[in-house]
Trainee: 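Have a look at this one.
Just so it is clear, the model here is predicted, and its values are computed rather than measured. No hydrogens, no waters, no symmetry mates; every other heavy atom, side chains included, goes into these values. One-based numbering along the sequence shown.
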Amino acid sequence: RMSNEQSETMNNVLGRKRVQTDGIDLTRPFVDRSELVAKIIATAEANQHVVISSPPATGKTSVLQLLNRELSSRANEGTVHQIILKKKGNAQKVLDLLQEEAGISSDSVGKLKQVSRTWIIIDDAHRGYTDNYEDLWSFLVKDLRHNPNIKVVIAVTHNMTTLGSPAAIGNLPHVFEGFTETATMQ
């Protein structure tokens with residue numbers, strides 16, 4: 001098996017370009033998805049949380065990159081924190097990062113209410129379907145409701161009502177083409 005360095009050298013020798021397999025290269029031309037990004041922003045404004053769920057390799061990461069780019073370009077949107085969950089990670093690492101970068105902490109509701117305009121974008125949320133992330137899901141779904149200035153966009157490879165999810169977020173409003181419905185977990 002070739003190392004990454006050997007593979008890169010082989011690609012250079014053969015004149016092949018490395019193919020980006022996760023997300024898009026924003027420095028190159030890409031399909032504009034501004035209408036979809038605008039819908040995600042509007043849904044988060046109305047509901048605080050947005051869950052993007054679809055099969056693997058259907059563009060969730062690319063949409064999150066475009067969302068991050070759009071929000072970062074707006075002066076009044078505050079800070080944007082994009083987090084990719086890792087299977088071997090844990091909630092405390094993510095919570096520490098949010099506290100360090102954004103001052104977001106679950107220590108007290110009073111402190112949480114003082115956090116100004118902030119967006120938290122979670123990619124590969126399905127990797128967090130372990131007990132290691134239970135505190136993060138509780139924080140994102142329950143604790144953040146105390147501050148409507150904090151918006152959360154979650155991308156997951158399958159439906160968040162899947163058995164084994166440590167978070168019962170199936171009760172959040174689900175927005176479908178043309179209407180909003182509240183889903184309930186059975």
Side-chain angles (χ1 to χ4, degrees), residues 1 3-4 7 18-26 30-31 33 36-37 39-41 43-44 47-72 79-107 112 115 118-145 147 150-176 183-186:
R1 185 171 193 187
S3 70
N4 286 344
S7 177
R18 178 176 233 166
V19 176
Q20 184 170 348
T21 58
D22 198 16
I24 57 176
D25 181 351
L26 294 174
F30 55 86
V31 175
R33 298 179 183 108
L36 177 59
V37 169
K39 281 184 179 183
I40 293 169
I41 292 170
T43 302
N47 300 301
Q48 191 175 18
H49 293 82
V50 175
V51 176
I52 301 169
S53 176
S54 68
T58 55
K60 294 176 297 297
T61 297
S62 298
V63 169
L64 293 183
Q65 286 175 288
L66 295 171
L67 175 66
N68 189 339
R69 183 176 138 214
E70 175 63 24
L71 293 169
S72 297
T79 58
V80 180
H81 304 278
Q82 188 162 348
I83 300 164
I84 300 172
L85 294 188
K86 307 286 184 201
K87 281 185 180 178
K88 293 185 179 182
N90 64 58
Q92 196 55 53
K93 287 180 183 177
V94 178
L95 292 170
D96 290 347
L97 176 75
L98 290 172
Q99 182 166 352
E100 182 181 314
E101 289 187 3
I104 298 174
S105 172
S106 60
D107 291 345
L112 191 57
V115 174
T118 301
W119 288 80
I120 301 171
I121 300 171
I122 305 285
D123 197 5
D124 291 332
H126 55 281
R127 292 181 180 166
Y129 282 8
T130 67
D131 291 341
N132 294 345
Y133 285 102
E134 189 171 345
D135 291 342
L136 175 66
W137 294 121
S138 178
F139 175 70
L140 290 173
V141 176
K142 295 177 182 176
D143 297 344
L144 290 185
R145 73 178 186 273
N147 186 336
I150 302 172
K151 307 298 179 188
V152 181
V153 179
I154 301 168
V156 63
T157 295
H158 46 75
N159 192 325
M160 292 297 278
T161 60
T162 301
L163 293 176
S165 171
I169 65 173
N171 292 327
L172 294 173
H174 285 55
V175 177
F176 300 95
T184 57
M185 290 192 62
Q186 301 278 333

Trainee: Run the side chain to side chain contact (heavy atoms under 4.5 Å, CB included) test against Gln82 and tell me which residues pass, sequence neighbours left out.
Mentor: Leu64, Asn68, Ile121
Trainee: Could you list the residues that satisfy side chain to side chain contact (heavy atoms under 4.5 Å, CB included) with Lys142, not counting sequence neighbours?
Mentor: Ser138, Arg145
Trainee: Is the shortest distance from a Lys or Arg side-chain nitrogen in Arg127 or Asp124 to a carboxylate oxygen in the other one below 4.0 Å?
Mentor: yes
Trainee: Identify the two heavy atoms, one from Trp137 and one from Gly128, that lie closest to each other, and give their separation to 0.1 Å.
Mentor: NE1-O, 2.9 Å
Trainee: Considering non-hydrogen atoms only, spot the tightest contact between Gln48 and Ile150 and give its length.
Mentor: NE2-O, 2.8 Å
Trainee: With sequence neighbours excluded, tell me which residues meet salt bridge (Lys or Arg N to Asp or Glu O under 4.0 Å) with Arg33.
Mentor: none
Trainee: Show the nearest heavy-atom pair for residues Lys60 and Ala155, with the distance to one decimal.
Mentor: CB-CB, 4.1 Å
Trainee: Rounded to the nearest 0.5 Å, how far does CG of Leu95 lie from CG of Asp143?
Mentor: 9.0 Å
Trainee: Looking at every heavy atom in both Leu66 and Val31, which two are closest together, and how far apart are they?
Mentor: CD1-O, 4.4 Å
Trainee: If you measure from NZ on Lys39 to CG on Leu36, what distance do you get to the nearest 0.5 Å?
Mentor: 7.5 Å
Trainee: Return the CG to NE2 distance between Leu71 and His81, rounded to the nearest 0.5 Å.
Mentor: 11.5 Å
Trainee: Check the pair Ile83 / Leu85 against side-chain contact (heavy atoms from CB on, under 4.5 Å), numbers first and verdict last.
Mentor: CA-CA 6 Å; Ile83 300 164; Leu85 294 188; 4.2 Å; yes
Trainee: Any non-hydrogen side-chain atom of Phe139 less than 4.5 Å from a side-chain atom of Leu144?
Mentor: yes
Trainee: Taking all non-hydrogen atoms of both residues into account, name the closest pair between His49 and Val141 and its distance.
Mentor: NE2-CA, 3.9 Å
Trainee: Roughly how far apart are Glu134 CD and Leu136 CG, rounded to 0.5 Å?
Mentor: 11.0 Å
Trainee: To the nearest 0.5 Å, what is the distance between CG on Asp123 and OG on Ser62?
Mentor: 9.5 Å
Trainee: Please report the closest heavy-atom contact between Ile40 and Val50, naming both atoms and the distance.
Mentor: O-CG2, 3.7 Å
Trainee: Please answer whether the main-chain N or O of Pro55 pairs with a side-chain N or O of Thr58 as donor and acceptor at a distance below 3.5 Å.
Mentor: yes
Trainee: Is there side-chain contact between Val156 and Ile122, with heavy atoms separated by less than 4.5 Å?
Mentor: no
Trainee: Is the shortest heavy-atom distance from the side chain of Val94 to the side chain of Tyr133 under 4.5 Å?
Mentor: yes
Trainee: Test Thr118 against Lys151 for side-chain contact (heavy atoms from CB on, under 4.5 Å), laying out the working first.
Mentor: CA-CA 6 Å; Thr118 301; Lys151 307 298 179 188; over 6 Å; no
